[in-house]
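Have a look at the structure below before the remarks.
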Amino acid sequence: MKKIVLTGGGSAGHVTPNIALIPKLQELGYDIHYIGSEDGIERKLIEDLGIPYYPISSGKLRRYFDLKNFTDPFRVVKGISQAYRILGRIKPRIIFSKGGFVTVPVLLAGNFRGIPAVIHESDYTPGLANKIVIPFVKKVCVTFPETLKHLPKNKGVFTGTPIRPEILQGDKGEGYRFTGLDKEKPVIMVMGGSLGSVKLNKAVRDILPDLLKKFNIIHLCGKGNLEEQYQGLAGYRQYEYIKEELPHLFAMADLVISRAGANSIYELLALRKPNILIPLSAKASRGDQILNAQSFEKMGYSKVLLEEKVNSQTLLKTINYLYENRSKYVDAMAKSKVQNGIEKVIEQIEKNSLR
Ligand SMILES: CC(=O)N[C@H]1[C@@H](OP(=O)(O)OP(=O)(O)OC[C@H]2O[C@@H](n3ccc(=O)[nH]c3=O)[C@H](O)[C@@H]2O)O[C@H](CO)[C@@H](O)[C@@H]1O
């Protein structure tokens, strides 16, 4: 049987592309195993699918000072030896990694065992975890063609990002049943990234009285970010994280306000949803979301509002602007030739597997 190990985690953006590959891999006869962290979001998402899950210890690779920087190297070393043993038991013919810190020990252990690996970089510039492992892997699949220039020659392959096919098959009616919203007003969906965004949540909640006059709001606010005082507010629904109903909620949305995580924005493009992107600030990241967002704005797919510029007035003004001009954005997105990356990524997996 063809065995494959998938890895990736820390935030859903490092898991949903793996989830998108699973049905096709199963169709091709792969026996799929997943190595992830002990307590990351990937554990529940993958275990719920019935895929064998192997938790390992992993550290976070920080670019800033933190006391954990002194203990995490030990966790990474432990993770390498755990992954080494797990890979020895499974004996996969290939490892596919979507990135995130937990993948570093998996790919290093795989390299010691001579198992080939293909990785995927979702963002405009390579993330730290992927940068560390690039020397050891066969191919780096990328979402943005521009990323190829940041990679060693002959390693990068433009594949696009794998998108869960069910995302495109939402049903509005199901969404209305699930949310209990009425159909009187257009719907704004707010997505703060898979872990939520406290800043985005606050900015939206501050203007709720104004927004609710004209729109219904579906707010995906992230784990631990529900607010009691807004529960039951007419026209407003808040959820921590939505799984199988997500396609139906997308189908309802007339406009989306989102962080600029690579997967979210490609889903919005595939769905042709007019969107405002509020990229994670360069102060809190390497600035990759800003580059993701700017590239979408340049193509006419998105309206970008930088986090530093977000306040009640700018947000309200941008929402009204986008709503008035939504057809211009839908037309631009309809012209995009971007395709679902599933087929091309699987082609790389097959080409680079052990026989
Ligand atoms: C803070 C942080 O490190 N963010 C990074 C992370 O973002 P993040 O994890 O937010 O990733 P993305 O926006 O790329 O993807 C989020 C995924 O979660 C799904 N979803 C979200 C909310 C929900 O309720 N249900 C649900 O299913 C979305 O449909 C999408 O498929 O990974 C991305 C891809 O490497 C990067 O571009 C981001 O910079």
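Just follow the structure's listing: the first ligand is 1, and inside any ligand the first atom is 1. Only this structure's heavy atoms are used, side chains among them; waters, hydrogens and symmetry mates stay out. Note that this is a predicted model, so its numbers are computed, not measured.
Between D39 and R43 there is no salt bridge, since no side-chain N of the basic residue sits under 4.0 Å from a carboxylate O of the acidic one. The pair K273-E267 does not meet the salt-bridge criterion, since no charged nitrogen lies less than 4.0 angstrom from a carboxylate oxygen.
Here F96 and Y34 keep their ring centres 6.0 angstrom or further from each other. When ring centroids are compared, Y54 and H33 come within the 6.0 Å threshold. Between Y266 and F144, the distance separating the two ring centers is shorter than 6.0 angstrom.
At a threshold of 4.5 Å between non-hydrogen side-chain atoms, the residues I265 and Y301 do not count as touching. Side chains of L271 and V256 form no contact here, defined as non-hydrogen atoms less than 4.5 Å apart. At least one side-chain heavy atom of T125 sits under 4.5 Å from a side-chain heavy atom of L291. Side-chain contact between V345 and I349 is present, with heavy atoms from C-beta onward closer than 4.5 Å.
Close approach of ligand 1 to L246 is summarised as follows: ligand atoms under 4.0 Å from at least one heavy atom of the residue are 26 (C), 27 (O), 29 (O). Counting atoms of ligand 1 from 1 in the listed order, those under 4.0 Å from a heavy atom of L280 are 1 (C). When each atom of ligand 1 is checked for a heavy atom of L220 under 4.0 Å away, the hits are 23 (C), 24 (O). Residue-ligand proximity, N292 to ligand 1, at heavy-atom distances under 4.0 Å covers atoms 37 (O).
Heavy-atom separations between H14 and ligand 1 include at least one value shorter than 4.0 Å. Distances from ligand 1 to the non-hydrogen atoms of R164 include at least one value under 4.0 Å.
Ranking protein heavy atoms by distance to atom 8 (P) of ligand 1, first place goes to S194 OG, 3.5 Å. Here the protein heavy atom with the shortest distance to atom 11 (O) of ligand 1 is G13 CA, 3.2 Å. For atom 7 (O) of ligand 1, the closest non-hydrogen atom of the protein is S11 OG, 3.9 Å. For atom 39 (O) of ligand 1, the nearest protein heavy atom (residue, atom name, distance) is Q289 NE2, 3.0 Å. In this structure, atom 27 (O) of ligand 1 lies nearest to the protein heavy atom Y241 OH, 3.1 Å. Scanning all protein heavy atoms for the shortest distance to atom 16 (C) of ligand 1 gives S264 OG, 3.7 Å. Residue, atom and distance of the protein heavy atom nearest to atom 18 (O) of ligand 1 are A12 CB, 3.6 Å. Of all protein heavy atoms, the one lying nearest to atom 35 (O) of ligand 1 is D123 OD2, 3.1 Å.
Remark: K223 fails to qualify as a cation-pi partner of Y241 under the 6.0 Å distance and 45° angle criteria applied to the six-membered ring. The side-chain tip of K3 does not point at the ring of Y30 from less than 6.0 angstrom away and within 45° of straight on. A cation-pi arrangement is absent between R326 and Y329, since the terminal nitrogen or guanidinium carbon is not both under 6.0 Å from the aromatic centre and inside a 45° cone about the axis.
When only interatomic distances are considered, the shortest N/O to N/O separation between M191 and ligand 1 does not fall below 3.5 Å. Some N or O of I242 is nearer than 3.5 Å to an N or O of ligand 1, by distance alone. Ligand 1 has no nitrogen or oxygen under 3.5 angstrom from a nitrogen or oxygen of E240. No N or O atom of K243 sits closer than 3.5 Å to an N or O atom of ligand 1. Between F250 and ligand 1, not a single N/O pair is under 3.5 Å apart.
With a 4.0 Å heavy-atom cut-off, ligand 1 is reached by no atom of I167. By the criterion of a heavy-atom distance under 4.0 Å, the side chain of D288, and not its backbone, is placed next to ligand 1.
Put simply, atom 3 (O) of ligand 1 has no protein non-hydrogen atoms near it, under 4.0 Å away.
Note on I242 and Y176: same hydrophobic cluster, where clusters join Ile, Leu, Val, Met, Phe, Trp and Tyr whose side-chain heavy atoms are under 4.5 Å apart, directly or indirectly.
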